[in-house]
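Below is one structure; the comments refer to it alone.
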Amino acid sequence: MKKLALPENFDHKNIDILKQFITETGKIIPARVSGITAPEQRKLTKAVKIARFLALIPYTDKQI
Amino acid sequence: MNHYELTLILNPDLASKFDPYKEHFESVLSQLGFNIHYCENVGIRELAYTIGINKKGHYLIYQLDGDPANINELETKIKYDNSVIRHLVLKTDTVTESDSFLTQDTKEAKKRAEERAHEVKLKAQVQQQSKPTPSETKVDESLSEEKKDESPSGEEESSTTEETTPEKTESENEEQS
């Protein structure tokens, strides 16, 4: 996937950026692997969890 | 007064009833004292997982201004609304008055689906035309490219069935004699 520039604030609606930070199975990639800072990771986590609730990105690959 | 972002996932089966529903919902919002800054009609998207029995949902995102005291009442009203599959109210710092990435993404996905459906239709047409007259080479220019791809595979039917059985029977006969 093409790497997109990090935004100032993670938005739960911008799923293309969020998808860079989740694995194929839907897990959030740890900051030590992705290399983003801790404050960024906290914002990212919040955005991913909101996007999951709105069925924009999956919780897991086992759900159908 | 606070800024809010209200996301609704509506039942995709609303279809023609969508516009009246939207009007009705907006009147409810204004009754509760909410000021609508922007309404983003994302459209029907495929859900990442099924909610109830729904595999698709109609996304609607409102940017609101309103009294925090009325949020609870609004939520209870949405909760007992059968055409809302899921909803979320978020408090935001600023009001964005433009379409988000979602709308663009949904439009692109819709376009891709339409193109795919169009291709399938074209292929079906080509197959129907080529079946009765397989050796025909005069096809419309628009269809000729696809036909080139398909025609060799249809004609290349190998007819080399090895005839080994008669030899075997002959040798067997010799041994017997």
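Throughout, a chain's letter reflects where its sequence line sits, starting with A, and its residues are numbered from 1.
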Test side-chain hydrogen bond (donor to acceptor under 3.5 Å, both in side chains) applied to B/Ser27 - qualifying residues, sequence neighbours left out: none
Contacting region of B/Leu47 [heavy-atom separation from chain A under 4.5 Å]: both
Linking I/L/V/M/F/W/Y whenever any side-chain heavy atoms sit under 4.5 Å apart, do B/Tyr49 and B/Leu10 land together? no
For a 4.5 angstrom cut-off between non-hydrogen side-chain atoms, does A/Asp11 reach B/Phe101? no
Which of the residues B/Leu88, B/Ile51, B/Ile85, B/Val42 is involved in the greatest number of heavy-atom pairs with chain A at under 4.5 angstrom? B/Leu88
Return each pair, listed once, that meets side-chain hydrogen bond (donor to acceptor under 3.5 Å, both in side chains) where at least one residue sits in residues 8-23 of chain B; pairs must be two or more places apart or across chains. B/Tyr21-B/Asp81
Shortest non-hydrogen contact from B/Ala48 toward A/Pro58: CB-N, 3.6 Å
Chain B contact via A/Ile57 - which portion, at a heavy-atom distance below 4.5 Å: backbone
Check for me, please, whether B/Val89 and B/Val28 land in the same ILVMFWY cluster - side-chain distances under 4.5 Å, paths through other members count. yes
Proximal to chain B - members of residues 44-55 of chain A, heavy-atom separation under 4.5 Å: A/Ile50, A/Arg52, A/Phe53, A/Leu54, A/Ala55
Is B/Val84 reachable from B/Leu102 through a run of I, L, V, M, F, W or Y residues, each pair having side-chain heavy atoms under 4.5 Å apart? no
Are B/Leu60 and B/Ile44 connected into the same hydrophobic cluster when the rule is that any two of I, L, V, M, F, W, Y join if their side-chain heavy atoms are below 4.5 Å apart? no
Among residues at least two apart in sequence or on other chains, which ones pass side-chain hydrogen bond (donor to acceptor under 3.5 Å, both in side chains) with B/Gln31? none
Minimal non-hydrogen separation, A/Lys13 against B/Ile61, with atom names: CD-CD1, 3.7 Å
For the hydrophobic clusters of this structure (ILVMFWY residues joined by side-chain heavy atoms under 4.5 Å, transitively), does one cluster hold both A/Phe21 and A/Leu56? yes
